Amino acid sequence: MLRLPTFRYHRPRTAAEAVRILAESGPKARFVAGGTDLYPNMKRRHQSAEHLISLARVEELRGIDGDGPAGTCTIGAMTTLREIERDPRIGAWYPAFVQAVASVSSPLLRNMGTIGGNLLLDTRCNYYNQTEEWRASIDFCMKERGPICWVAPGSPRCYAVQSSDTVPLLCAIGAEVTLLSPGGERRVAVDDLYRDDGIAYLTKRPDELLTRVHLPASGAWSAAYHKLRRRGSIDFPVLGVGAWVARDGERIADVRVRIGGVGSMPIHATETEAMLRGQPVTEELVRAAAELSFKPARTMDNTDSEVPYRKKMAPIFVRRALSECLGL
Amino acid sequence: MAAESNGAANQPGTADQGYYRHDTPQQDLRVIGKPLRKVDARTKVTGRTGYADNLSLPRMVYMKLLRSTQAHARIRSIDTSAAAAMPGVVGILLGSELPNQFGILPVSNDEHTLAIDRVRFVGDPVAAVAALDEETAWAACRAIVVDYEPLPVIGSPAEALATPEPRIHDYGDEGNVHKYVNLQFGDVERGFAESDLVRQDVFFFEGNTHLPMEQHACLADYDKDHKVTIHSSTQTPHYLHKALTKVLAMPASNIRVIACPNGGGFGGKSDPFNHEVAACAMSRKIGRPVKCSLTREEVFHCHRGRHPVLMKAKIGVRKDGEIQALDFESHLDGGAFGSYGVASTFYTGALQTVTYQLKNYHFRGARYFTNKAPCGPKRGHGTVQPRFALECLLDKVACDLDLDPAEMRLRHLAKRGELTANFMRIGSMGLGECIEKVVAGSGWKERRGKLPFGRGLGLACSSYLSGAGLPIYWNAMPHSGVQLQLDRSGLVTVFCGSTDIGQGSMSVLAYVVAEVLGLDPMKLRIVTADTDLTPVDLGSYSSRVTLMTGNAAMQAAERAKEIVAAAVAEKLEVPKSNLVFADEHVFDAADPSRRMSFAEAVIAAEAKFGTVGTVGSYKPPRSAARFKGGGVGPSPSYSYTAAVVEIEVDPETGQYTIPKIWVAHDVGRSINAALVMGQIEGSVYMGLGEATMEESAYRDRSHKGKRVFLHNQPSMLDYKSPLAVDMPEVVTYIVEDHDPNGPWGAKEAGQGPLLPIMPAVANAVFDAVGVRIDTNPITPERIFAALQSKAKGGEARFGPSDVPAVAWPEPRVVPPPWEGGDGKEVASDAPAPTRSGGKG
Amino acid sequence: MSPHSESPTPAKQLGVFHVNGETHEVAFAPHHTLLEVLREDLGLTGTTHGCELGECGTCTVLVDGTPVLSCLTLALEVAGGADGDPRPIETIEGLADGPNLHPLQDAFADLGASQCGYCSSGFMLTANALLRDDPAPDRAKIRTALAGNICRCTGYVKIFEAVELAAARLRGEARQPARETLYGS
C-alpha cells in the first residue's frame, strides 16, 4: 500500500492562526485543504511537508456569500467543489463556472476537493506525477530533485502543465482572489496568479493563504468552458478552454480566451481576442480568430494524448467555446 | 431455498420457457440455467470476502521488493548494509539465495525470484526486505545500493532483430528472437491463384493490461514442521505449487498453496510471481509469517498482459467472399520473460480457422524479447490481436466485393462437427444465429451505410476456446478433479482445486452438484483452491473451468447419486431406476409419497456402504492435431460471438461516442443465465476499453547517453480504463447451441465476447467517416490523423506500413483433412527459408 | 535515495472513531489515512483499495454521509479528540441491518453486480449516498454519480440495474429484475 510520509499536523481554527503557524514552522510547512492533490503527491514523494497545516476546521474559509448581479459573490477557499456544483445561486449566476467545476475529476474527488485547492493545483507532468521508484529510474527531473526537464532536456526551465479546470474559466471571467499573510491581505486577479514556469507556477508568495474567490458581477456577459480528456470523468484536462464574451448588441465589446492544459500557466489567446474585439459577430470571424490560437498553444509531450493532436484541437475548442458564448 | 437466497434466486420456473433447443431434449432442470445468486454473493456484498491482503497472522511482518531502476543492466554489486542496520528490519533476501529458475511453461523457466546478475526491465525484482511494518520495509529497500552496469536497451521487435547481442536471455531461437513458428496447411499460393480478389493489409495491436481492481498480495507462513503455506491472489494455485517446489527445493507435499478469492484476474494472476516465491523463501529464512502486497505500479510490472502484435494478413477470396487462402504473419513484442509467450505465439495463428471455412492457411509467428514488463495471457489470450486483423480485413473484403459483411460471413461459416484446416474440431456452432440476432437487433440491413456522415455501424465475429485441450506441462492426468463428501446431516461438501476470480466458478460447482443430487446449491459447502485439501484443477485460465470442473463435478455427483440410490432403493423397496433426486429428497417417480429426505438417504447409504465420498475427473478428448505446435488451439468446444457497434464520430476532431452495442454469444448452454450475462457484459466492457483507450505504452527517452525506457502510465489515472459514464447501452443475446462436450451442453462465456468489440469499432468508424483504423486502440487521435490524410489526398487509413523482414525457418507442412491429412506434418519440399517483408 | 527524513516508526496517538454507529478508541499512526486505520487498526477489511492515490474509487466510505476516498482522508481529520467530536463514518460492514441485507446488497447479489466483489463496497456506499439524496435517480444520474468508481468485471451494466432495482425497492415498490437483465434479449 502506498503510504504517506510522516509530518507534524496542525489544525488551526482561524485563517490568521493558520498563517501564523505557517510563518513559525519554517520553509517545509504547507497548508492542506481537500488533500486530493497534496496527499497523492506526498505518497509519491514528490511533495513533502514537515508541518502540515490543515484548513479543514477553519470555518471562515467556507461558504458562498453575496449577490452575483451585484458583483459581491464570494466563495470561501475551503468550499468544496461539490458545494459549488450544487449551489443553486452559483448555477443561476455563473453556469459556465459550474460547468468547469463539474468537469473536475470525479464526483468523489469533488466531494473532497476545494475551490482554493483547485486554483492552486500543482502543475502536472508525465515525468513528475510518478512514484519515487519510477522517478528514480529517470534520475528524477528538475521539478523535484533532478537536474533536467525531461520534456525539453536542453531547456533551463520546467514544462509541467497547468491542469486545473477552474483556472482558465476563472481567468477568463475576471475572477479575483484574496491572499492573506502575516503582513495583511491583498486582492489579485486570478489571471495574475500564475507564472509561466512549471516549478514556480504561482505569483502567490509561500507565506500567503488563499482565503476567498471573488466572482465578477454576473449579467451582461457569457462564458463557456470546453475540455478535452480521454474519459468522461476523473481525467485532468489535456486542453481546457475558458472563454468570456461581453456583447454590445451585434458587436463583441470585449473577449477573453484562456487555454489550459497546454502550458505551465493558462495561455492567453491574445491574437484571437484582438481580432474579435469590437467586431460584429459572424461565424467566419470567430473561425478565423480561433485559428490564431494554434500558435500560442504550445503542447508538449508530457500529458495524455498526442502533441500535434492537442495543438490542432486548440483552435477547434476555442472556436466552439466562443461559439457557445455567442450562441452561434 | 436457503434463507439468504431470496430475491431473484426464488423464481422457480421462469428460466425454462424457450431456452432448451437444438439436439438436446428438454430436461426438467431445477438449477441449471436459472439466474441464481452466486453461492458467495452474500459474502461479496457484505465486504467479508477473504482477499489475500485482508489476511493477517500473529507475528506477521511485511515484505517489499526492491525493483530495478534500469531497463537492461548487469548487477555489479548490491550493498544491503545500510538497510540491514535499520531498526525494524528483520530479513533481507537476495537472488543468489534462490538459484533455481521458474516460469509458467516448462520450455521457458527463465525467471529468478530476485535478479542475480542481470536486470531485464524497469521493475525487475532485485532484493526483498522484511520489516515490522511496511513503511520500514519500504525505507530499507530505498537504502539498498545497487551498482548497475547499463546494457543496450531493446525496446521493440525491430530492435530485437537488429540487436542479436547482447541477448536478453541465453535461450530462444536466435539472438533476441524467443520463438519462430511456421505452419502450412494446404497451398496458399494455389488458393490465391484461384481467388477473384487478393488483398493484403498490415495491422498493429498495441499491448494492454488486465488491471484487476485488486493488487496482487500474498501471505506466506513457514511453520515449525518445515511446511510452508501461502495464501495468494493467484488464478493458478497448482502451477504456483509446482514453481515453489522447484525454487524452494522442497518436497511438494510440504508446500500448501491456497488461492484466495481473486479481486479480478483476467489472466494477470496466472503466472507464478516473484513476490509469491520470495514471501515463502523469506518466511523460511526468518521463521515468521510474511505478507507482501503489491502497489498498483508493481502490478503493472507483473503485467503478463496483451502482447503488442504487428500483423500482416494476405487473403484470397472468391466473388462471394469464400476464403480460398489466408497467409498470416504475426510479430509479438514479448517483453523480458517467456511467461506463456510460446503459447501466445501459437495462439496468434490458431483460431483463424474456426469461424469461417478456410481451405488453405499459412501461419508464421515470431516472438521477441524486449526490455519491457513480460507479456502473457490476457482475456482472449493471443487470439484477440489476429481476430482484430481478420475481422477488419473481412470488412474490407466485403467492401471491395460490394457484399454485406454480415451476409458474407453467414454464407461461409465453419461447419459444426468438422475438422478445420489446422485440425481443430468444431463442436456446436451457433455463430450464424449470433449474427442473425445482432443484425436484426441493430437494424443492420436498414441502417448500415445509410446513416448520416459521422454515424455508422460495424460488425465483427469471433470464437474462443472452452479450455485448452492440453495442460501446460505434458502429463496423462485429468485436468480437473472434484471430490464429494456426503455427511450424515445431508451436507454435501464439494472439494475442487478451481479458483474463483469473480467469474463464479465456486457457484458453478454448486449448481452442477445440486442439479444432479436434487439439492439447494446455497446449502452445499464448497471448498476450493487449496492444494492440501482439494484435487487438482489446473487453474482459472483459457475459459476452462465451467466445462472441465463442470464435467468432473457431474461425474462425482452421478457417482454419489448411484451410491445413495442403491441404499435408498433397498430401504424404500423401489427399483433404483425409479428414484428421483429433487427438492432435497429422494423419491419414487411412480409414487412420490415413497420418499426420504436427502439427509436420511445419506444415512442409509453410510449405513450400507460406510462413509460416503466420491470423486470425478475430466480430461479433454484427444486432439486431431498431431503436428508440433498442434497442442495450442484444440479445445473440447468453441464459443462464438457476434457484435454490432454503433458509433458517432465528430469528423472535425475524431472524438467519438459509442451509444449502443448489440452482442450475441453462443454459450452452448447457460449454467446460470445471470452469470453468463455478467460475463458477456464484462467482456464487452473490457473489449471496449481495449478498442478505445487502453495502451501499455512505454516512455523512451535518451539524454547524454542515458536511455530511459519504462512504462509510461503505471497508474489507475494514466492507464485509461473506461468509467461508468463511458459505458454504452448493451443489448445482449444468449444463444444456446448445446455442445456435446460441455456439461448440459455448456461452453465458455468469460473471454469470447471480448474479441469482436475492437474490430467492430474499427469497422463502425469506416462506416461512419470512411477511414480505416488498422491500429488498435482506435483513438480519436488516429481517426483524426486518418481523416487529415484522406482530406489531403493520402491514404484514408491509419496503420502500420509493413512488418520486419525475418528469416523464417522452414514450414511444418500439414495437409488439411480434405487433402487426406491425418493431422501429422509431412516432409517439407520447400527449398530454403523464405524471406518475407520489405516493400512489395 | 530519499532526501526526506522519514521516521520509520512514528509514535501512535489515541483517537476516537465513530464507525457504523459504534465508537472505537484507537491508537493510530498520525500519518495514516482512514483507509489504513479501518483495515489495519479496526480490522474492517471490507473497505478495499486499488491505488491509494484517489484514482479508482475502490476505498470509498461515507463521512458525514458523503462518499469520500478513505485513501486520501487523514485519520486525524475524522477522529475525535480533545478538539472535537469524531465524524460519523459508514463502511460496508455497516450497510446491512444485522442479518438482513440492505436493498442495495440484495440487488447487487441478485443481479451479479458484484463479480469479483473487490470494488463493490465502494460502489454500494456511493450509490447509497446517491439514493439518500435522490430516491428515484434516472440512469444518467446514476452513471454520473458512479463515475469515480472503477469496476473491471461487470461493465457497470448490472451495477446500474442493481441501483435502479434497489432504488425501487427502497421506495417500497415490489420490483423484480427485468427478464432481459437476467436472460438477455
Side-chain angles (χ1 to χ4, degrees), chain A residues 1-6 40 43-45 105-107 109 124-127 129-141 146-154 226 228-236 238-239 301-310 312-317 319-320, chain B residues 53 62 66-71 122-123 133-135 138-139 141-142 215 217 293-298 300-301 650 652-655 657 689 692-693 697 699 701-704 706 708-727 779-782 784-785 788:
Chain A
M1 190 185 286
L2 285 174
R3 298 175 196 262
L4 286 167
T6 56
K43 286 185 176 186
R44 289 181 301 229
R45 306 298 192 267
S105 190
S106 77
L109 272 296
R124 299 184 59 84
C125 177
N126 270 169
Y127 293 98
N129 296 97
Q130 302 280 3
T131 64
E132 184 167 30
E133 284 67 29
W134 195 101
R135 287 176 293 121
S137 302
I138 62 164
D139 295 335
F140 301 92
C141 77
I148 61 164
C149 174
W150 279 97
V151 185
H226 282 228
L228 176 65
R229 61 175 160 186
R230 184 84 44 201
R231 302 179 289 185
S233 190
I234 299 185
D235 294 342
F236 287 95
V238 294
L239 173 67
D301 183 18
N302 60 347
T303 68
D304 182 30
S305 192
E306 292 164 11
V307 175
Y309 180 76
R310 283 161 60 219
K312 285 173 183 167
M313 288 304 110
I316 298 173
F317 277 60
R319 190 189 76 230
R320 290 179 178 185
Chain B
D53 191 39
Y62 294 84
L66 173 72
R67 292 175 182 269
S68 169
T69 56
Q70 307 293 311
V122 171
D133 55 66
E134 202 175 22
E135 283 104 325
W138 207 312
C141 275
R142 287 168 176 161
Q215 301 156 113
S293 308
L294 301 190
T295 63
R296 179 54 62 183
E297 182 166 314
E298 290 181 289
F300 279 92
H301 293 322
D650 176 348
E652 193 180 17
T653 62
Q655 300 283 322
T657 55
T692 60
M693 58 182 79
R699 178 63 76 175
R701 204 91 161 101
S702 294
H703 179 64
K704 291 191 175 160
K706 178 183 167 68
V708 301
F709 186 70
L710 71 173
H711 199 295
N712 192 34
Q713 60 267 70
S715 71
M716 297 293 288
L717 173 65
D718 294 320
Y719 180 89
K720 304 299 183 188
S721 172
L723 308 173
V725 284
D726 302 314
M727 190 64 191
T779 58
E781 291 88 339
R782 289 170 184 156
F784 179 78
Q788 292 241 305

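It should be emphasised that the depicted structure is a prediction, and the values quoted were computed from it without experimental measurement. So that the names make sense, note that chain A is the first sequence line, chain B the second, and so on, each numbered from 1. Only this structure's heavy atoms are used, side chains among them; waters, hydrogens and symmetry mates stay out.
- The side chain to side chain contact (heavy atoms under 4.5 Å, CB included) test applied to A:D235 returns A:R229, A:R230, A:R231, B:L717, B:K720, not counting sequence neighbours.
- Side-chain N/O atoms of B:R699 and A:Y127 include a donor and acceptor closer than 3.5 Å.
- Counting heavy-atom pairs under 4.5 Å between each of B:V708, B:V725, B:L723 and chain A puts B:L723 at the top.
- The parts of B:Q655 that come within reach of chain A are both its backbone and its side chain, each placing non-hydrogen atoms under 4.5 angstrom from that chain.
- Here the CD-OG distance, from B:Q713 to B:S715, works out to 7.5 Å after rounding to the nearest 0.5 Å.
- Proximity to chain B is absent for every atom of A:R135, based on heavy atoms less than 4.5 angstrom apart.
- Ranked by heavy-atom pairs under 4.5 Å with chain A, the list B:K706, B:R67, B:H711 is led by B:K706.
- Of the atoms belonging to B:N712, heavy atoms from both backbone and side chain fall under 4.5 Å from chain A.
- In terms of non-hydrogen atom pairs under 4.5 Å with chain A, the most contact-rich of B:L66, B:V122, B:T295, B:T653 is B:T653.
- The shortest side-chain heavy-atom distance between A:R320 and A:I316 falls under the 4.5 Å cut-off.
- Not a single donor-acceptor pair under 3.5 Å links the side chain of A:S137 to the backbone N or O of B:Q70.
- With a threshold of 4.5 angstrom between heavy atoms, B:E781 approaches chain A through its backbone and through its side chain.
- Between A:H226 atom NE2 and A:R319 atom CZ the span is 10.5 Å, to the nearest 0.5 Å.
- The choice from B:L710, B:T657, B:T692 that makes the most heavy-atom pairs within less than 4.5 Å of chain A is B:L710.
- Ranked by heavy-atom pairs under 4.5 Å with chain A, the first of B:P722, B:S721, B:S293 is B:S721.
- Between the side chains of B:W138 and A:E133, at least one donor N or O lies within less than 3.5 Å of an accepting N or O.
- Of the atoms belonging to A:R44, not a single heavy atom falls under 4.5 Å from chain B.
- Every residue two or more places apart in sequence or in another chain that forms a ring-ring contact (aromatic ring centres under 6.0 Å, His included) with B:F784 is listed here: A:Y309.
- Heavy atoms closer than 4.5 Å to chain B are found in both the backbone and the side chain of A:M1.
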